[in-house]
Amino acid sequence: MNILLLGAGGREHAFAQKISKSAHCEKLYIAPGNPGTAQFGENISISVNDFDAIGAFCKAKNIQLLVVGPEDPLVNGIFDYFKSDIELSNIIVVGPSAAGAQLEGSKAFAKGFMERHSIPTAAYREFTQSNFQEGVSYLKNHSLPIVLKADGLAAGKGVVIAQTLEEALHTFEEMIQLSRFGKAGERVVVESFLTGVELSVFALTDGEKYILLPEAKDYKRIGKGDTGPNTGGMGAISPVPFADNVFMDKVIKQVVEPTIKGIAEEGLIYHGFVFFGLIKVEGEPFVIEYNCRMGDPETEVVMPRLTSDLVELFLAMAQGKLENGLIETDKRAAATVVLVSGGYPGEFEKGKVISGLNEASGTQTMAFHAGTMEKEGNYFTNGGRVAAITSFGGSIQEAVSTSLAKIKSIHFEKMDFREDIGFEFPG
Ligand code: AMP
Ligand code: GLY
C-alpha cells in the first residue's frame, strides 16, 4: 500500500525506517520529513497542518494509510477532516479524532476524564479568569512544590513546577492574567507534585481493543543526573528495569484498561497511539499526562525493539483485530542519546555543518536525524534536537556505551549531549 507519514523529527525517522521494512509498504512518503526519512521514502514539502494540501496529495497518490507523528494535526482534527471527505474517508488514519486528542490537547479534559474513570492521578483544581482569586487562595494554602499546567498545547513548555509560593503565584498570574502562554494558558490545572520515577507506556488502540508496545523511559532534563531545565527529551531507554511484571500488571489494570474503557464509554473515536506518561510512587502507577501520539525520543528505542511488522499492527487496528499476540519484541536493551545544539533548550544557533552522522549507523546502531537539513550533499543543524543515536546492547549500559562511542566520530559546532542516559541503572 501507499503510505503517508506526517512529521519531521527523530520519531518520524524511526517510524519511516520501520514502515519501509513492512511487507505491506509499496511506497512511503513523508511530509515534510527530514534528511533521515528521505533514506526510506520520498519527502514532500507539505506542512503537517495543511489539511487541504495533505488531502489533495493523498487523492493524487492513492494513499491508503496516513500515520500522524506529532500531536498538532490530531488536536486540530486531521482525523475528522479525512472522515468528512468521501474520497479520503477510506484511508486508514493512525491517530485519534479531535475529540479523542483532547486527552493531550486539554489538560483539564484529561484530568476530568481520569476523575470520571477513577484513574490514579495527582489531586487537582482547575482555574480561569473567572475564579482567579480562588486560585490564589488555593495556591497559598497548598504544599510545595506545586505543579501548574497550561490547559492547551504549549510545545512542551506549559508545565511549571513551582518550588516557592512566589514562583507559583507569579506563574499563575502570567498564565491567566498576562496570557504569557497564549490561549493555552487561559485555563490552568493546578496539581499536587508527585515524587517517584517516571516511565512512558504506549498502547495502540481502536478505541476498544489495544496492544501494548515496549515501555520506555525518557530523560527530559538538559543536565547530568536529571538537573536543569526540561527539554523535548535528551535520551531514552527501553526496557525500563523498574517496570517489572507486578508493576506492569497494575499499570494495565489501574490505568490502561480503564482508559480504553473510558474512551469507549465516552464515545471518543480513537484509532491510534495512547502514550501514558506515568510516575511510580511507592510501587503504584499515577498518570502525569496522556499524549495522543508516540513519544520522541521514546520512538527511537521502541521502534527498533519492535520486531513485528508495524503496518500489520495498523491494519489489525483498522480491522478491529488488535490482540497481544501480535507484538514481538527484541529482548535486547536499546538506548538513544540525543545530540542537541549548544544552548538548547534556550537559544541556540542553526546551520552548523554536521559530519559523521550517517556513518555512525551500523549493525548495533541507528543514527536518527531530527533537526537536520541537507544542502548540496552536506548536512546542517536545523533545530534544537539534531539527532538521536540509538544502539542495542546486552544491558542498558552497554547500549548507552555503544552510542557514546559512536558519537565520538560525529561533529558539529557546539554539539551537546548527556553522557549519563540510563545512569540509575548501572550494570
Ligand atoms: P509535560 O511537559 O507535560 O511532559 O510535563 C513535564 C514534566 O513535568 C513531566 O515529565 C514530569 O517530570 C513533570 N510533572 C508534571 N506533572 C507532575 C506532577 N504532578 N508531579 C511531579 N512531576 C510532574
Ligand atoms: N518524550 C516526551 C514526549 O514525546 O512528549
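Just so you know, ligand 1 is whichever comes first in the structure, and atom 1 is the first atom listed for that ligand.
No part of Arg11 comes within 4.0 Å of ligand 2, judged by heavy-atom distances.
Around atom 14 (N) of ligand 1, the closest heavy atom drawn from Asp226, Val281, Ile288 belongs to Ile288. In this structure, of Phe286, Tyr290, Phe193, the residue bringing a heavy atom nearest to atom 22 (N) of ligand 1 is Phe193.
Ligand 1 places these atoms under 4.0 Å from at least one heavy atom of Glu191: 16 (N), 17 (C), 18 (C), 19 (N). Annotation for ligand 2: atoms under 4.0 Å from non-hydrogen atoms of Arg293 are 3 (C), 4 (O), 5 (O). Ligand-side atoms of ligand 2 in range of Asp218: 1 (N), 2 (C), range being under 4.0 angstrom from any heavy atom. Distances below 4.0 Å separate heavy atoms of Lys107 from the following atoms of ligand 1: 3 (O). Every atom of ligand 1 is numbered from 1 in the order shown, and the set under 4.0 Å from a heavy atom of Lys149 is 15 (C), 16 (N). For ligand 2, the atoms closer than 4.0 angstrom to any heavy atom of Gly232 are 1 (N). Listed by number with element, the atoms of ligand 1 under 4.0 Å from a non-hydrogen atom of Lys220 are 4 (O), 10 (O).
Considering backbone and side-chain N/O atoms, Asn230 never comes within less than 3.5 Å of an N/O atom of ligand 1. The shortest N or O to N or O distance between Lys220 and ligand 2 is not below 3.5 Å. Checked by distance only, ligand 1 and Ile279 stay at 3.5 Å or farther apart across all their nitrogen or oxygen atoms.
Atom CG of Asp249 has more than 12 neighbouring heavy atoms from other residues, nucleotides or ligands inside a 6.0 Å radius. Crowding of Gln129 atom CD: a count of heavy atoms from other residues, nucleotides or ligands under 6.0 Å exceeding 12. For Glu208, the CD atom counts as loosely surrounded, since its 6.0 Å shell holds 12 or fewer non-hydrogen atoms of other residues, nucleotides or ligands.
Taking a cutoff of 4.0 Å between a charged side-chain nitrogen and a carboxylate oxygen, Lys149 and Glu191 qualify as a salt bridge.
Ring geometry for Phe242 versus Phe425: interplanar angle of 30 to 60°, hence tilted.
At least one heavy atom of Ser192 sits closer than 4.0 Å to an atom of ligand 1. Ligand 2 has at least one atom lying under 4.0 Å from a heavy atom of Gly295. Not a single heavy atom of Thr195 lies less than 4.0 angstrom from ligand 1.
Each of Glu298, Lys217, Arg305 was compared with Ser238 under the side chain to side chain donor-acceptor pair (under 3.5 Å) criterion, and only Arg305 meets it. Glu167 pairs in a side-chain contact (heavy atoms from CB on, under 4.5 Å) with only one of the listed residues (Ile161, Val160, Ile146), which is Val160.
Rounding to the nearest 0.5 Å places CD of Glu312 at 7.5 Å from CG of Leu326.
Ring-centre distance between Phe57 and Tyr29: below the 6.0 Å cut-off.
The closest side-chain donor-acceptor pair between Lys111 and Thr121 falls under 3.5 angstrom.
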